[in-house]
Every structure is written in structure tokens, then in C-alpha cells.
2 protein chains.
Amino acid sequence: MTATYRDIKSDILGKITRGEWTPGSLIPGELELAETYGSARATVNRAMRELAEEGIIERKRKSGSRVRLTPLRQARFDIPVIRREIEEQGRAYRYALVRSEVVEAPEWLRARLALQPGAQVRHLICLHLADGTPWQHEDRWINLALLPQALDADFSASGPTEWLMSQIPFSAVEISISATAADASLAAHLDCAPGEPLLMTERSTRWNDQMVTYVRLIHRPGHRMTTRY
Amino acid sequence: MTATYRDIKSDILGKITRGEWTPGSLIPGELELAETYGSARATVNRAMRELAEEGIIERKRKSGSRVRLTPLRQARFDIPVIRREIEEQGRAYRYALVRSEVVEAPEWLRARLALQPGAQVRHLICLHLADGTPWQHEDRWINLALLPQALDADFSASGPTEWLMSQIPFSAVEISISATAADASLAAHLDCAPGEPLLMTERSTRWNDQMVTYVRLIHRPGHRMTTRY
DNA sequence: ATGGTTTTCAAGTCCAGACAAAAAGGCAGG
DNA sequence: CCTGCCTTTTTGTCTGGACTTGAAAACCAT
């Protein structure tokens, strides 16, 4: 019958959304709240900590907790494993390897991955399809200095993403989203008009301060990433 | 000198990224870990809980915790308050109201906001500029049935986003990102070529199952949303 | 075998108390 | 007035103990 940290959390959130505690105002201290809710301070602490993580309130030692003036909105998108994303829609997933080569890293990639001049990379272009229609275009570069196994790996049957997940642990990732226009090759692969606006996700994966792989994922025309909270 | 939950967390993460504990494998139980680290179970619990939140491991009662086979990657983007985003770059923020009208909600908006036929909405088009160059185009619709104050509010000096934050508490938000092409009007406002691919963020804000506002934010050409982890 | 019931185990939560660490505010000396 | 030190307040974390809950597994009767 006693208050759970969830109860406390939603009660506080209620007070904020109902306007009882206005943005910028100071929230009672943990000790006081623990008393009013009849719980331990640790329980109040957890409730408040989670609210802070969610960007609702701001906490500082000595000064106390206050309602954020600008509720820091953050969107969390799941980066799905593409095979699963498609199969969960009840559609048939198909993978196709468009191109595979081992080359010296071009200038722009060297800059991005901080590679030595002359470094070898494996470059792959793949297509992911749902019920036969193109879903995503994958342009993948793998650092062979760090992942020599990638030289012999066979990507004709399944994509490099799944292979990579079994090969490397990761330590840091940078994701970036932007819009780009379809060039001739993209248009052909994604079955759309040249110049069509497309959503692009770029991802660099790092391990111990070394870049392992860089991928440019171009989504099918009209694709949208959605999240709710 | 004793292990903190952070120590434990990073040690476990290390074991996973180094491959000592492989994807799918079972992690020792909290009690056992507490013993090996010489800490209380609650401390181990916090470490493990956070790892689970971050999608590194998967926990189930009775079965125990195991390393996720597909490390659920999720990207978290901060949705900045635009004024601040620009000012933090040391650039001058400027706001301009392009258009303001009160109209009957068009069909597509009614469908999206679940409005009654004939419902009145306030429609605003604004521009946010950094050092005089266009940064973001805001196309905002406000439900007047829910927010009648919006009828009289003056948006000529500052944007509706900041006004709204002071007016409504929020309860649920849906954010969606996609790519779109610049039409003639967008091209003129954002100072780019028609047809140029642009990143678009759409946001619907709800309060108590009623749609309060819908906004379509079009970012300047070349804009990218980035996150790291 | 089959389906329902009980056991058992691991995670989930809570508590009361303790100490640590950050930071604001006050105080003293220059 | 400024500077550095000390005190106090508040959050941050840890402990060792307890009870709760969900789900797998074992048991039992059909």
C-alpha cells in the first residue's frame, strides 16, 4: 500500500504537467518528499533521478531540484536490424550484393576514419528489399587494418551488418541523419526518379579510438523515422 | 576503494566488448557478481539495470541476464530549442513571422489531429535565422478549440514554440523525421534551389488525448542531426 | 502425453542508515 | 574589495537486509 517509485514519479510529473509546479521553480528536497510520501529517501531518489534522466527536471547538489524551464525534449529512435524491421511487417526480406571491392581508401574516407594514406578498405554496396521492392541502399566501408577477416568474408548471401555484429564489439558510435538527393545510381537501385529527396543515415563505428567501419544507409523514398513518448 | 556501480558497469561492458562474454551467453547472477566485486547486490543491480536500459544486455526474472544477441542500438537525439541552438554557436538569432491566419482546418490536418469538421486552427509560418541566413522554416498549426488564447497571442516578435511551452503542459509527443524536396515557397524562404532535398521534422503534441498542435520544421539545406554514444 | 498447480529461483523493489561529493554562502585576512 | 578557507545543505552513492513478482520448471492428476 506504500508508494512505489513509480507512483512518486508520476505524481511529481502530474504536479508539473498540471502546472502546480511551474518551470524554473524549486521542488522540495528528497528528505521532505520522502516524508510526505511516507517512503525512504532512496525511493524518492530513484523517482527524481529518472525524471532528471528524462529531461523533466534538473538537479544540482546543494541547490536542489527544479523543474526545467525548457523541458529538454529528446527523441529516441530505435535503429532496427533491417531484416527484422521488414519481417515484422510481414513482408519478405531479400538481400542483394550489388558490388564488392577492396580498394585504397579515398581521401574523404581517410579523413573521416582517420586512416593512414594507402590504407586498404573493403567497400560494399548492398540492397535490402521488402517483398521485392527496394527498401534500403547500403554503402559500407570496412577498415581492413583493423578487421582483416573482412577480406575473405563472403557477403553474397547476407549483409555485412549482421556479419559485423558477430565480429566486433563496439565502443563508440556516431550517427547522423540528413537528406540527400538521388543520383543516377541510387535512383536506379531504389527505383525512383533522379533528384528525389531521400533520408540518409550515416554511422561510424569505433573501437578503441580506431574507426572500424563507416556506413551510409539510404532509405527508400518517403521513408520516415518515427518515435513517440 | 570498493567498486562503484560505474566500475561494475564498465567492467561488465568491457568483458562483453572484449568478447569474454559473447552475445547470447548468460551473465552470472546478481548475487554471484556482488560477491566477486565485493559489493552489495543493490549496487550490482544498478549497474545491470543501466546496461539493460542501454540495450546491451537483456534481463529476465528466473532465467537471469544474458548479453543481447543483437545489441539493440538506439539513437537519442536532443531536440534543441532553436534560439539556444543558434546562440550556442555564437551566431545571432533572428525570428521572422512570415504569415499568420486563422482558418478552418484543412482535410489532411483534421485527419491528423482528429478534429471536428469546421474546427478553427491558427496557422503560422515563421522563419528562424542565424546571422541573417535562414536556418529553419516552421509551419505551425494550433488547435483553437483547445487553446483559444492562441487567437489573440502575438507572434510577430517571438516564435510560437516558446509561447506554447509556457502555455501547455505536454503529455505525449510524436516526432517523425523524413526528407522532402523544396517547393517554390520553401526555396525562396530557405534561400535554396527548388527541388533541393531538405530534412523535415514533424511533431504532434497531445494533451489528454487531444491534439494541441502540429508543426512541420524544415531545416536549412545540408542540415544534419548528429548523436554519439 | 496433457493440462493445471505448486515450487523455486532470479530479478525487481524497498528500507533505514551511512558516508561522499559538489556547491552555495559566510567568514576572515590581506 | 577580492581571495581562499570552512561550514552547511542537498544530492549521489553504498550497504545489508527484506519482501514482492514474474516466469521457468517440476510435480501431479487426469
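So that the names make sense, note that chain A is the first sequence line, chain B the second, and so on, each numbered from 1.
- Contact of Arg61(A) with dT10(D) (side chain to base): no donor-acceptor pair of N or O atoms is detected under 3.5 Å.
- Between the side chain of Thr22(A) and the backbone N or O of Gly19(A), no donor-acceptor pair lies under 3.5 Å.
- A close approach under 4.0 Å does occur between a side-chain nitrogen or oxygen of Thr4(A) and OP1 or OP2 of dC14(C).
- We find that Glu174(A) and Arg112(A) are not joined by a salt bridge, their nearest charged nitrogen and carboxylate oxygen being 4.0 Å or further apart.
- With the nearest nucleotide of DNA chain C identified for both Pro28(B) and Lys60(A), Pro28(B) has the one nearer the 5' end.
- The distance from atom CD of Glu50(B) to atom P of dT13(D) is 8 Å, rounded to the nearest whole Å.
- The Arg59(B) side chain lies nearest to dG12(C) when the options are dT8(D), dT15(D), dG12(C).
- Distance, Lys62(A) NZ to dT11(D) P: 11 Å, rounded to whole Å.
- The shortest distance between the side-chain N/O atoms of Arg6(A) and the OP1/OP2 oxygens of dG12(C) is not below 4.0 Å.
- Minimum heavy-atom separation, Pro23(A) to Arg68(A): CB-O, 3.7 Å.
- Between the CD atom of Glu35(A) and the P atom of dG17(C) there is a distance of 13 Å, rounded to whole Å.
- A side-chain donor-acceptor contact under 3.5 Å links Tyr37(B) and Asp11(B).
- Of all nucleotides listed (dT11(D), dA11(C), dA16(C)), dA11(C) comes nearest to the side chain of Ser65(B).
- Ring geometry, His128(A) versus Tyr95(A): the interplanar angle falls from 30° to 60°, so the pair is classed tilted.
- For Tyr5(B) and dA20(C), the OH to P distance is 18 Å, given to the nearest whole Å.
- Per the geometry, CG belonging to Asn45(B) stands 14 Å off C1' belonging to dT15(D), to the nearest Å.
- Using a 4.0 Å cut-off, no side-chain N or O of Ser63(B) falls inside it from OP1 or OP2 of dC9(C).
- OP1 or OP2 of dT13(C) has not a single side-chain nitrogen or oxygen of Arg41(B) nearer than 4.0 Å.
- Rounded to an integer number of Å, the gap from NZ of Lys9(B) to C1' of dT13(D) is 14 Å.
- Nucleotide dT10(D) holds its P atom 9 Å from the CG atom of Leu26(A), rounded to whole Å.
- In this entry the distance linking CD of Glu32(A) with C1' of dT10(D) reads 12 Å, nearest Å.
- OP1 or OP2 of dT13(D) has at least one side-chain nitrogen or oxygen of Arg46(B) nearer than 4.0 Å.
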